[in-house]
Structure formats: C-alpha cells, structure tokens
Amino acid sequence: MTIKRFTKEWPLHLLLIPGVLIAFVFSYVPMAGISIAFERFIPTRGIFNSPWVGWNNFKLMMDYPGIDRIMLNTIYIAVMKIIGGLLVPITVAILLNEIRKEVFKRTVQTLVYLPHFLSWVLLGGILIDILSPSSGIINQFLGWFGIKPIFFLGSNSWFPYTLVISDVWKEFGFSTIVYLAALTSINPSLYEASEMDGAGRWKQTWHVTLPGMLPIIVLMATLSVGNILNAGFEQIFNLYGPAVYESGDILDTFVYRMGFEQVHYGLATAVGLLKSVVSLVLLSMSYAMAYRFAGYRIF
C-alpha cells in the first residue's frame, strides 16, 4: 500500500483497531496455554513453572486405548454431516425455486431457517423428549406400524445417524438461503431457450439449474473440508452418554473428559493442539481448492 493511499484511507484503518485488539486478547494471548501440551501441568505451579516433559503427552495420546476409535468416530460423523449438509439444502433450494406462490415460499423458507437460532442445550432437551423409547412421539408413531421402540440416543447403531439427521435439520435452512441466492444469479433467458428446445422442468434442472449452482456448490464443499475434524462438540455433549461412547465419542468430547473430569491437562491439551494443527492444514487446503475451483478468496 502506498503512503498516498494510506493517508487517504487511514480513518478506515482506525475502525479495525477494536476488532484487532479483541482478536489479539481473546484469540492469541490464550495460545500461551498450548505449552501445557509439553508439560506435566501442575495448577499450583502455573504454566511457566510446571515440569517439562517434551513429547510424552503426544506419545501417551497415541498409546491411549481407544484413540483410533475416537478418531474414526470424529471423521465418520463429520463426513456424514458434510454430505447431508450439502445434499439436503441443495434439494430444498431447487424445490423452493419451483414454487411460484411467494407467500408460501417465504413461509417455508422462514420455518426451515428458525432451528439455526436455537442452541443445542435447548434442542438437546427437545430431542431427548421426542426420541424417548417409552414416551417419545417418534417411537409412538413407529408403534402404530408395529415397529418396536428404538433407543435412538442409547444405541450405538442409531446414535451416529441421529446426530447427523438432527444436525442437518438444524442447519439446512441457513445453507438453503445461500443456494437460493445462487439461483437468482442464473440468467432467465437460459430457461426460456431450454423451454423452446422442448426441455421439461427435470431437464431444465439438470442442464441449467445445477450447472448455474455449481460454483457455489464447489465453494461450500471445499470450505467444509476444513471442518472434517469438527464433528460438533455442543450437539454430542448434550446428547450422548457412556452407553454410546463407542460410536459417539469424538476428539472434542475426549478432550473435555480428559481435561475437566480426569484432570489430565497435558494429554487433553496435546489432543487439542494436534487437532488444531490438522484442522489448520485442512482449512488451508480447502481455501486453496476454493480459490482454484470457485475463484473464492478473502483477500
């Protein structure tokens, strides 16, 4: 940036100062705590006086029983959430785009968007009630067809799918708005031309709508790669229990248990640090892919 341009735009740069200070205090200063990953942390001695143990916490993490299962659960749940979080909102956006009654379209759009604003603490209580094997409305409905009650939140077979479906239900409304915005950028003359060529609604969707949405689909897909290790701590923490640790325990819940319940601060910090490093690499890769395939860039 030239001095002439900086002199002209300096008031705008001053507006950045509060945001930069907040980011520095709350995002960069706490990073001093990652040194706990290389220490046998003793709270009474603090971060700077605890004994140094080098890579021992990382070796303990790799040898910890069940760490491979926890890693597999994290990736499996996250990948299913990414797939569901792409397919459902794309489908709903295309269907909403076909509706000509604006009042109905706006109403549906608002209703599917509302769960995005609810916290997992509240939704967790609601899901526990409606999925209860004894009094839940879902199992009562299944009972009308002679299906035995299913313990959705207590069965290792059902728990991961319950997580994915409930997460997609909560968030697909927000993504739908993004895809609806992408649909407005498609030139209407393309639909008119395809209609003159005899294309029906299905062929128009396949040859006009989907290619028009492709850049934003690629962008959302590539950016979601960076969250491959973020399977959703808040959701799982509010819904799971020891009975479903085998299929529902992820890296974030493991870090919570090691740090706050079993006071293994060094091990918990080592797991969290490794997850952050891997996430940074994946996020950088996804950003590069988004720039290459969709032309997306922040700066």
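What you find for N156 and S247 is that their closest heavy atoms are OD1-OG, 2.9 Å. Nearest heavy atom pair, residue L163 against residue K81, reads O-CE, 4.1 Å. Residues T209 and I94 come closest through the heavy atom pair CG2-CG1, 4.2 Å. Nearest approach of I42 to P51, heavy atoms of both residues: CD1-CD, 3.9 Å. Across all their heavy atoms, I47 and S35 have their closest contact at CG2-OG, 3.0 Å. Of all the heavy atoms in P115 and K170, the pair that sits closest is O-CG, 3.4 Å.
Following chains of ILVMFWY side-chain contacts shorter than 4.5 Å, one can reach F152 starting from W144, so the two form part of one hydrophobic cluster. Hydrophobic clustering of Ile, Leu, Val, Met, Phe, Trp and Tyr side chains at less than 4.5 Å, counting indirect connections, unites V271 with W55.
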(request) Start with the C-alpha gap between I217 and Y179, add the side-chain angles, then the distance that decides, and say whether side-chain contact (heavy atoms from CB on, under 4.5 Å) holds. (result) CA-CA 8 Å; I217 294 174; Y179 293 116; 3.9 Å; yes
(message) Run F159 and I77 through side-chain contact (heavy atoms from CB on, under 4.5 Å) and show every step you take.
(response) CA-CA 10 Å; F159 188 69; I77 293 172; 5.8 Å; no
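The environment of CD in E246 is sparse: at most 12 heavy-atom neighbours from other residues, nucleotides or ligands sit within 6.0 Å. Other residues, nucleotides and ligands place more than 12 heavy atoms under 6.0 Å from the CG atom of L210. Around CD of E234, the count of heavy atoms belonging to other residues, nucleotides or ligands within 6.0 Å does not exceed 12. Counting non-hydrogen atoms of other residues, nucleotides and ligands closer than 6.0 Å to OH of Y161 gives a total of 12 or fewer.
Looking at N139, its side chain does come within 3.5 Å of a backbone N or O of S132 through a donor-acceptor pair. Judged purely by atom type and a 3.5 angstrom limit, T253 has no side-chain atom pairing as donor or acceptor with the backbone of D249. Remark: side-chain polar atoms of S286 are paired, donor with acceptor, to backbone N or O of L283 under 3.5 angstrom.
Between I216 and L219, some side-chain heavy-atom pair lies under the 4.5 Å cut-off. Looking at Y245 and Y240, their side chains come closer than 4.5 Å, going by heavy atoms from C-beta outward.
For the ring pair (Phe, Tyr, Trp, His ring centres under 6.0 Å) condition, the pairs that include at least one residue of residues 70-119, sequence neighbours left out, are Y113-H116, Y113-F117, H116-F174. Applying the ring pair (Phe, Tyr, Trp, His ring centres under 6.0 Å) test to residues at least two apart or on different chains, none of the pairs has a partner in residues 187-211.
Between F145 and F141, the angle of the ring planes goes over 60°, which puts this pair in the perpendicular group of the 30/60° scheme. Classified by interplanar angle (parallel below 30°, tilted 30° to 60°, perpendicular above 60°), the ring pair Y256/F233 is tilted.
Interatomic distance, I236 CD1 to T74 OG1, rounded to the nearest 0.5 Å: 7.5 Å. Distance CD1/I250 to CZ/F237: 11.5 Å, rounded to 0.5 Å. In this structure, the separation between CZ on F58 and CG on D63 is 13.5 Å, given to the nearest 0.5 Å. Rounding to the nearest 0.5 angstrom, the gap separating the CZ atom in F254 from the CD1 atom in I70 is 4.5 Å. Atom-to-atom distance recorded for R257:CZ and D252:CG is 11.5 Å, nearest 0.5 angstrom.
In summary, D197 and K203 do not engage in a salt bridge, as defined by a charged side-chain N under 4.0 Å from a carboxylate O.
For W169, the ring-ring contact (aromatic ring centres under 6.0 Å, His included) criterion is met by no residue, not counting sequence neighbours.
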